[in-house]
Asks: 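This is the structure I have questions about; it appears just below.
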Amino acid sequence: MSVHCLAIRHSERLVRSAFPKKACKHLKRTAGSQLLQKNVELIRVAEIIGSFGEHHTVDTLNLTIRVYKLFSDSSSVDVNTGDDNADSDAAVARTYRMPSAHLEGLWESLYFDTDIKSMLLQFMSSAILFGEKGIDHNFISWNRLIFLHGPPGTGKTSLCRSLAQKIAIRMNHRYEYTKLVEINSHSLFSRYFSESGKLVGKTFEDFLEMLEDDDTFLVVLIDEVESLTTARTAAASGNDPSDSLRAVNALLTGLDKLKYKDNVIVLTTSNLPHTVDPAFLDRIDFKYYIGPPGAKSVYTILRSMFDEMIRCGIINHSVSSWCSLVFPSC
């Protein structure tokens with residue numbers, strides 16, 4: 001059995017453990033309790049691979065330990081002006097240093113009817129392996145492109161952000177810096193109408209410049225990608241067909257350049273996949289539909305909400321307290 005154990009490390013003298021007591025004692029024996037007490041805020045099990053039917057001790061487990069520190073800094077960038085302090089609502093891109101304090105715990109709070117989270121992690125493991133082994137793109141063509149689609153509000157964007165957090169933690173032994181760059185598609189078109197193609201090209205040039213640093217891993221998130229990849233046959237009938245066509249062409253060209261870089265992954269989401277240009281769809285390596293949650297997921301989500309209110313002391317375990325919260329007349 002393999003246990004992927006993640007430990008948060010802070011400079012503050014804080015100790016908070018969610019790891020089994022025996023495992024904590026084992027870590028204290030090997031690392032020294034004083035070191036843990038001064039530098040570790042949280043130790044937890046993130047993933048377990050193997051059979052649950054057998055009894056295991058810490059000494060018999062294959063532990064993978066990742067030590068990391070959370071960051072809270074981010075910046076908004078106006079591609080047109082190069083202003084790193086642009087208004088976040090109007091900026092073309094927003095960059096986060098990962099792992100981010102704002103995204104901590106998001107992965108664990110997401111529930112789906114399928115095992116999509118494990119599938120995404122497996123895809124990322126394959127992507128890393130392909131890069132490390134130097135796969136020849138002439139034999140195996142892939143574009144480092146993930147596409148999640150489905151109705152609004154099903155957790156697509158949150159899943160992409162939390163995946164970026166996972167990548168940053170799992171790959172911190174290989175890359176010193178991990179950055180999440182979120183592209184504001186709506187701002188790009190609303191503020192720079194008729195110049196979208198040029199700005200998309202400039203954005204990807206900036207990405208390529210970042211990727212020159214071999215110690216940096218870049219996660220690019222394009223939410224509602226249909227804003228940038230409207231089918232060119234449909235775009236031809238719009239108000240400014242040439243601008244839409246240039247934007248799609250620039251995006252496709254940028255993706256073709258990024259696929260030769262080992263230290264980047266592109267995450268995209270869409271509520272309207274039928275409007276996306278076929279050439280973009282052909283470049284997708286991993287495509288998955290995220291639908292509304294089923295009964296089991298709805299129950300799990302509601303239960304997690306009640307558990308959180310219990311943890312914060314808003315309600316207690318008694319049935320009468322739950323009843324009075326949901327039904328005031330109870």
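The shown structure was predicted, so the numbers you read here are calculated from the model rather than taken from an experiment. The figures that follow rest on heavy atoms only: side chains count, while hydrogens, waters and symmetry mates do not. Along the sequence shown, residues are numbered consecutively beginning with 1.
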Asks: Hey, quick one: are F286 and I135 part of the same hydrophobic cluster, counting side-chain heavy atoms closer than 4.5 Å, chains of contacts allowed?
Replies: no

Asks: Quick one: does N143's side chain get under 4.5 Å of L255's, heavy atoms only?
Replies: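 No, side chains not in contact.
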
Asks: Once you round to the nearest 0.5 Å, how far does OG of S162 lie from CG of L110?
Replies: 5.0 Å

Asks: Given side-chain hydrogen bond (donor to acceptor under 3.5 Å, both in side chains), test D115 with S118 step by step and report yes or no.
Replies: CA-CA 6 Å; D115 201 15; S118 294; 3.0 Å; yes

Asks: For the pair K261 and E212, find out whether any cationic side-chain nitrogen is under 4.0 Å from an anionic carboxylate oxygen.
Replies: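 Yes.
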
Asks: Without swapping roles, check the side chain of S158 against the backbone of G155 for a donor-acceptor pair under 3.5 Å.
Replies: no

Asks: Please, which pairs that meet salt bridge (charged side-chain N to carboxylate O under 4.0 Å, His left out) have at least one residue in residues 172-184, sequence neighbours excluded?
Replies: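 Salt bridge (charged side-chain N to carboxylate O under 4.0 Å, His left out) check on residues 172-184 returns R161-E182.
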
Asks: Considering non-hydrogen atoms only, spot the tightest contact between G150 and Y289 and give its length.
Replies: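 Smallest heavy-atom distance, with atoms named: CA-CE1, 3.7 Å.
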
Asks: Give the minimum heavy-atom separation between P99 and A168, together with the two atoms involved.
Replies: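 Taking every non-hydrogen atom into account, N-CB, 3.9 Å.
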
Asks: Quick check on side-chain contact (heavy atoms from CB on, under 4.5 Å): which of V219, L121, L180 does L163 satisfy it with?
Replies: L121

Asks: Any chance OH of Y177 has more than 12 other-residue heavy atoms, nucleotides or ligands included, within less than 6.0 Å?
Replies: no

Asks: Drop me the distance from M98's CE to Q165's CD, to the nearest 0.5 angstrom.
Replies: 4.5 Å

Asks: May I ask whether V220 and L208 are part of the same hydrophobic cluster, defined by side-chain heavy atoms of I, L, V, M, F, W, Y residues being less than 4.5 angstrom apart, directly or through others?
Replies: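 Yes: a chain of side-chain contacts under 4.5 Å links V220 to L208.
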
Asks: Does the side chain of T268 come within less than 4.5 Å of L145's, by heavy atoms?
Replies: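 Answer yes - side chains close enough.
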
Asks: Mind checking whether R144 and D262 have side chains closer than 4.5 Å, heavy atoms only?
Replies: yes

Asks: Starting from the C-alpha separation in whole Å, work towards a yes-or-no answer on side chain to side chain contact (heavy atoms under 4.5 Å, CB included) for L106 and E108.
Replies: CA-CA 5 Å; L106 179 60; E108 292 76 16; over 6 Å; no

Asks: Would a single hydrophobic cluster contain both L251 and W142, if residues Ile, Leu, Val, Met, Phe, Trp and Tyr are joined by side-chain heavy-atom contacts under 4.5 Å?
Replies: no

Asks: Inspect the surroundings of OH in Y260 and state if more than 12 heavy atoms from other residues, nucleotides or ligands are less than 6.0 Å away.
Replies: no

Asks: So do the side chains of I116 and L159 get within less than 4.5 Å of each other, counting heavy atoms only?
Replies: yes

Asks: When rounded to the nearest 0.5 angstrom, what distance separates OG1 in T229 from CG in L281?
Replies: 7.5 Å

Asks: Does the side chain of P292 come within less than 4.5 Å of P151's, by heavy atoms?
Replies: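 Yes, close enough: below the 4.5 Å cut-off.
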
Asks: May I ask you to test the N263-L218 pair for a side-chain heavy-atom distance under 4.5 Å?
Replies: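 With C-beta onward as the side chain, the pair stays apart.
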
Asks: Check whether M119 and I167 end up in the same hydrophobic cluster, where Ile, Leu, Val, Met, Phe, Trp and Tyr are linked by side-chain heavy atoms less than 4.5 Å apart.
Replies: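 They do share one cluster, since a chain of ILVMFWY contacts under 4.5 Å joins M119 to I167.
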
Asks: Atom OG1 of T178 and atom CZ of R170: how far apart are they, to the nearest 0.5 Å?
Replies: 13.5 Å

Asks: Say you draw a straight line from OG1 of T253 to CG of L258; how long is it, rounded to the nearest 0.5 Å?
Replies: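 With rounding to 0.5 Å, OG1 (T253) is 11.0 Å from CG (L258).
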
Asks: Is any NZ, NE, NH1 or NH2 atom of the basic residue among K156 and D223 found under 4.0 Å from an Asp or Glu carboxylate oxygen of the other?
Replies: no

Asks: Quick one: which residue pairs count as a ring-ring contact (aromatic ring centres under 6.0 Å, His included) with a foot in residues 204-228, not counting sequence neighbours?
Replies: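 Of all non-adjacent pairs touching residues 204-228, those that pass ring-ring contact (aromatic ring centres under 6.0 Å, His included) are Y175-F217, F204-F207.
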
Asks: Heavy atoms only: give me the nearest P293-D113 pair and the separation to one decimal.
Replies: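 Reported closest heavy-atom pair: C-OD2, 3.6 Å.
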
Asks: Could you tell me how the ring of F147 sits relative to the ring of F280: parallel (under 30°), tilted (30 to 60°) or perpendicular (over 60°)?
Replies: perpendicular

Asks: Side chains of E226 and S270: any donor to acceptor distance under 3.5 Å?
Replies: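 Yes, side-chain donor-acceptor contact under 3.5 Å.
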
Asks: For the residue pair S72 and H102, what are the closest heavy atoms and their distance?
Replies: O-NE2, 3.6 Å

Asks: Would you find a donor on one side and an acceptor on the other, under 3.5 Å apart, between the side chain of S126 and the backbone of Q122?
Replies: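 Judged by distance alone, yes, a pair lies under 3.5 Å.
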
Asks: Which heavy atom of P273 sits nearest to which heavy atom of H149, and what is that distance?
Replies: CG-ND1, 3.7 Å

Asks: Does the pair L302 and T300 meet the rule for a side chain to side chain contact (heavy atoms under 4.5 Å, CB included), with working shown?
Replies: CA-CA 6 Å; L302 287 174; T300 306; over 6 Å; no

Asks: Is there a path of hydrophobic side-chain contacts, each under 4.5 Å between heavy atoms of I, L, V, M, F, W or Y residues, that connects V200 with L211?
Replies: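 Linked within one cluster.
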
Asks: Take L267 and I222 through the side chain to side chain contact (heavy atoms under 4.5 Å, CB included) test and state the conclusion after the steps.
Replies: CA-CA 6 Å; L267 312 177; I222 308 177; over 6 Å; no

Asks: Tell me, with the steps shown, if Y111 and V298 meet side chain to side chain contact (heavy atoms under 4.5 Å, CB included).
Replies: CA-CA 8 Å; Y111 302 98; V298 170; over 6 Å; no

Asks: Drop me the distance from I265's CD1 to L120's CG, to the nearest 0.5 angstrom.
Replies: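 Between atom CD1 of I265 and atom CG of L120 there are 9.5 Å.
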
Asks: Not counting sequence neighbours, list each pair that qualifies as a salt bridge (charged side-chain N to carboxylate O under 4.0 Å, His left out) and has a residue in residues 281-298.
Replies: D256-R283

Asks: Would R311 and E308 pass as an ion pair if we require N to O under 4.0 Å?
Replies: yes

Asks: Taking all atoms of both residues into account, what is the closest heavy-atom pair of C160 and L221, and its distance?
Replies: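 Closest pair (atom of C160, atom of L221, distance): CB-CD1, 3.7 Å.
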
